[in-house]
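We use all heavy atoms of the structure for the numbers below, so side chains are in, but hydrogens, waters and symmetry mates are not. What you see is a predicted model; the values in this text were computed from it and never measured.
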Amino acid sequence: PIEPPSPQEHGLDFQRLLDASAYKEMFRQDMIRWGEEKRHTDPGFFCRAAVEGALQPVWVVSDTRRLSDVEWFRDAYGDVVQTVRVVASEETRKRRNWVFVTGVDDAESECGLDQGVAFDWVITNDGDKEALDEQLEMLVQSLHRNL
């Protein structure tokens with residue numbers, strides 16, 4: 001299989017690619033393009049990589065971005081899959097320094113799950129820590145009941 005070029009090969013700072021900085025934005029379209037090419041060739045590539053070697057009874061697979069990802073997990077693991085969507089208002093996102101970029105923020109990698117998925121859980125993260133903690137506690141309790 002084709003592996004992604006390592007950040008070191010291109011002289012990139014891996015830690016800075018993980019944050020929400022302008023540094024990451026300079027390379028985001030190239031990262032998206034590479035990921036799209038991999039998904040086109042093998043739709044389950046990233047999903048299999050996410051679960052490889054996982055032995056825990058509960059896994060949190062964060063940041064799935066496409067309907068094909070959700071479908072892969074549901075096909076592979078059936079009814080035990082719980083989908084969680086975390087939402088924040090556009091106002092909150094802007095306060096967190098998000099700026100809409102045409103061609104990036106309207107691409108499938110960013111909005112591919114905006115339609116077509118009935119999420120089991122929708123968590124609102126608009127900056128109210130108590131409200132967020134309550135929602136997460138309900139999710140955790142549900143997971144414990146289903147173990």
In plain terms, say whether D133 and K129 are close enough for a salt bridge, that is, a side-chain N and a carboxylate O under 4.0 Å apart. yes
Between R74 and D79, is there a side-chain heavy-atom distance shorter than 4.5 Å? no
Closest non-hydrogen atom pair, P43 against D69: O-OD1, 4.4 Å
Do V51 and V58 belong to the same hydrophobic cluster, where Ile, Leu, Val, Met, Phe, Trp and Tyr are linked whenever their side-chain heavy atoms lie under 4.5 Å apart, directly or via other members? no
Would R48 and W72 satisfy side chain to side chain contact (heavy atoms under 4.5 Å, CB included), going step by step from the backbone distance to the final call? CA-CA 9 Å; R48 282 192 308 282; W72 187 90; 3.4 Å; yes
If only atom types and distance count, is the side chain of T124 paired as donor or acceptor with the main-chain N or O of V87 below 3.5 Å? no
Does any part of the side chain of E36, heavy atoms only, come nearer than 4.5 Å to the side chain of E108, both counted from C-beta? yes
Are there over 12 heavy-atom neighbours, none belonging to D114, within less than 6.0 Å of that residue's CG? yes
Output, in order, the C-alpha distance, side-chain angles, deciding distance and verdict of side chain to side chain contact (heavy atoms under 4.5 Å, CB included) for F46 and R39. CA-CA 8 Å; F46 294 105; R39 281 182 184 83; 3.6 Å; yes
Drop me the distance from E37's CD to F45's CZ, to the nearest 0.5 angstrom. 12.0 Å
State, to 0.1 Å, how close A88 and N125 come at their nearest heavy-atom pair, and which atoms those are. CB-O, 3.3 Å
Minimal heavy-atom distance between F119 and L113, with the atoms involved, is CE1-O, 3.7 Å
Dump the intermediate steps for side chain to side chain contact (heavy atoms under 4.5 Å, CB included) on Q115 and L67, then the final yes or no. CA-CA 9 Å; Q115 298 176 1; L67 184 56; over 6 Å; no
N/O donor-acceptor pair under 3.5 Å between D105 side chain and E110 backbone: no
Tell me, do F73 and C47 make a side-chain contact under 4.5 Å, heavy atoms counted? yes
Are V70 and V84 grouped together when hydrophobic residues (ILVMFWY) are joined by side-chain heavy atoms under 4.5 angstrom apart? no
Less than 4.5 Å apart, side chain to side chain, heavy atoms only: is that true for V81 and T83? yes
Does the pair R85/D120 count as a salt bridge with the N-to-O cut at 4.0 Å? no
So, the side chain of D42 versus the backbone of K38: is there a donor-acceptor pair under 3.5 Å, distance only? no
Looking at side-chain heavy atoms only, is the closest gap between N146 and V80 below 4.5 Å? no
Around atom CD of Q141, are there more than 12 heavy atoms from other residues, nucleotides or ligands closer than 6.0 Å? yes
Among all residues two or more places apart in sequence or in another chain, which pass the side chain to side chain contact (heavy atoms under 4.5 Å, CB included) test with E130? D128
L139 CG to Q135 CD distance, which is reported to the nearest 0.5 Å: 9.5 Å
For Q82 and L143, the nearest pair of non-hydrogen atoms, with its separation, is CG-CD2, 4.2 Å
Within the structure provided, determine whether E90 and W98 are in side-chain contact (heavy-atom separation under 4.5 Å). yes
When the aromatic ring centroids of Y77 and W59 are compared, is their separation below 6.0 Å? yes
